[in-house]
Amino acid sequence: MKTLTITRPDDWHIHVRNGALLKTVLPHTAKQFARAIIMPNLKPPVTTVAQALNYRDEILQAVPVGMDFTPLMTLYLTGTTSEADIKLAAESDAVVAYKLYPAGATTNSDAGVANIKAIYPALSALEKYNLPLLIHGEVTDEHSDIFDRERLFIETHLNDIVKNFPALRIVFEHVTTSEAVQFVSASANTIAATITPQHLLFNRNALLAGGIRPHYYCLPILKREQHRLALVAAATSGNPKFFLGTDSAPHVSSLKETACGCAGCYSAHAAIELYAEAFERADALDKLEGFASFYGADFYRLPRNTTTVTLEKQSWVVPSAYGDADHSITPLKAGETLSWKLR
Ligand code: NCD
Ligand code: ZN
């Protein structure tokens, strides 16, 4: 049987929620990944070190016995985050970054930042204390076309942020456009990006052609094929600025299969297998290890993992749902066949 052994990967962007959903989804991530950057967009958002420590405890309790998994916590940047808050975060071993959501950009972003210029003092403090800033890069003005919102964010905000804070390490999260790939590639080494499996595997037809498929609806939204191709080229290039971040974002199926469904694809059940599929299609399986296991750790200045995982070339059918009747989640590629399986 064909196998692929790589250094154990990390997931540099994930939503694991809390309560019952957390218990359903966390084992999928802990099985595959040694570490993951935990997004803070709970209700209410995780804004203080104390909240992050509580949330980390809840996550650690959901790790199945015998599995080794480290959650890396982030704090939610708001219009009132102070330099003192940032100093405390920098001093905490548990917190590794701040997350910037433009207010209204995505799920649970109401507490996000309404006026980006107004938080420049906080960005200056992040730069000073050497804490990375993770950005959901989409403009939020209601008149901007949803397919243009990432590109417009670069022009409207990101160029200025990068110019004003040259030493600030920034992860442009879940990039989805050729413009974002170009921006990151052309920037200094302080700027990196994560790429999701769905944006490598699908274009917007998966969401909209032949019927509307809510389980392919995430933000930033799937784009045209030309953008998918640019993302595949970036992910498989060996450029260390681009690394794995699933943005796995579970919602119970009833909240997605409805007149106004939530944004977020659930991919943690088969994350590394989905990436392997995308890399194999690009004839670049030899580039998977750098993308999945090395470049993110290097960017965050954390040690690379020392154990390995093995994938087998073996078909398996993704279950139609995970969780129980009250918390049923429809995974990406539900009911479809994948060609790689984690041993
Ligand atoms: C995420 C979620 O559901 O929390 N949704 C998504 O579509 N990606 C939020 C986010 O990362 O935008
Ligand atoms: Zn996300």
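When reading the values below, keep in mind they use all heavy atoms of this one structure, side chains included, and skip hydrogens, waters and symmetry mates. Atoms within a ligand are numbered from 1 in the order they appear, just like the ligands themselves.
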Self-check item: contact_flag Q198 ligand 1 heavy-atom lt 4.0 Å
Solution: no

Self-check item: F172 and F183 aromatic ring geometry - parallel, tilted or perpendicular at 30°/60° bounds
Solution: perpendicular

Practice problem: Looking only at protein heavy atoms, identify the closest one to atom 7 (O) of ligand 1 and say how far it is in Å. | Solution: L219 N, 2.8 Å

Quiz item: Is the backbone N or O of A268 less than 3.5 Å from a side-chain atom of S248, with the two atoms forming a donor-acceptor pair by type?
Solution: yes

Quiz prompt | Steps toward salt bridge (charged side-chain N to carboxylate O under 4.0 Å, His left out) verdict (K99, E173) | solution = CA-CA 10 Å; K99 176 70 188 271; E173 296 290 342; 5.8 Å; no

Practice problem: Indicate, as side chain, backbone, both or neither, the part of R17 found under 4.0 angstrom from ligand 1 when only non-hydrogen atoms are considered. | Solution: side chain

Quiz item: Can you name the N, O or S atom of D247 that is closest to the Zn ion (ligand 2)?
Solution: OD1

Exercise. Check whether any side-chain N or O of H251 sits under 3.5 Å from a backbone N or O of G261 as a donor-acceptor pair, and report yes or no.
Key: no

Quiz item: Is there a donor-acceptor pair under 3.5 Å between the side chain of R151 and the backbone N or O of T177?
Solution: no

Quiz item: Which ligand 1 atoms does C218 reach within 4.0 Å, using its non-hydrogen atoms?
Solution: 7 (O)

Quiz item: Heavy atom under 4.0 Å from ligand 1: found in H251's side chain, backbone, both, or neither?
Solution: side chain

Quiz item: Is any NZ, NE, NH1 or NH2 atom of the basic residue among E312 and K341 found under 4.0 Å from an Asp or Glu carboxylate oxygen of the other?
Solution: no

Exercise. Mark up the atoms of ligand 1 that fall under 4.0 Å of a heavy atom belonging to G264, in ascending order.
Key: 5 (N), 6 (C), 7 (O)

Exercise. Find out if a path of hydrophobic residues (ILVMFWY) with successive side-chain heavy-atom gaps under 4.5 Å connects L53 to L26.
Key: yes

Practice problem: Give yes or no for whether the N/O distance cutoff of 3.5 Å, strictly under, is met between N41 and ligand 1. | Solution: yes

Quiz item: Are the ring centres of H136 and H174 closer than 6.0 Å?
Solution: yes

Quiz item: Transitively linked via ILVMFWY side-chain contacts under 4.5 Å: I37 with I191?
Solution: no

Practice problem: Could you tell me which atoms of ligand 1, counted from 1 in the order shown, lie closer than 4.0 angstrom to a heavy atom of A249? | Solution: 1 (C), 2 (C), 3 (O), 5 (N)

Quiz item: Is it the side chain (CB and beyond), the backbone, both or neither of E173 that lies under 4.0 Å from ligand 1, heavy atoms counted?
Solution: neither

Exercise. Starting from the Zn ion (ligand 2), look over the N/O/S atoms of H15 and name the nearest one.
Key: NE2

Quiz item: Is T107 in polar range of ligand 1, meaning some N or O pair under 3.5 Å apart?
Solution: yes

Practice problem: Can you pull out the closest protein heavy atom to atom 8 (N) of ligand 1? Residue, atom name and distance to 0.1 Å, please. | Solution: D247 OD2, 2.7 Å

Practice problem: List the closest protein heavy-atom neighbour of atom 9 (C) of ligand 1: residue, atom name, distance to the nearest 0.1 Å. | Solution: T106 OG1, 3.3 Å

Practice problem: Taking both backbone and side-chain atoms into account, decide whether H13 has an N/O/S atom under 2.8 Å from the Zn ion (ligand 2). | Solution: yes

Self-check item: Contact with ligand 1 for H174, non-hydrogen, under 4.0 angstrom
Solution: yes

Quiz item: Ion pair present between K87 and E83, side-chain N to carboxylate O less than 4.0 angstrom?
Solution: no

Quiz item: Do K333 and E277 sit within salt-bridge range, that is, some charged N less than 4.0 Å from a carboxylate O?
Solution: yes

Quiz prompt | Proximity flag N108 to ligand 1, non-hydrogen atoms under 4.0 Å | solution = no

Quiz item: With respect to atom 5 (N) of ligand 1, which of A263, S248, C265 exhibits the smallest heavy-atom separation?
Solution: A263

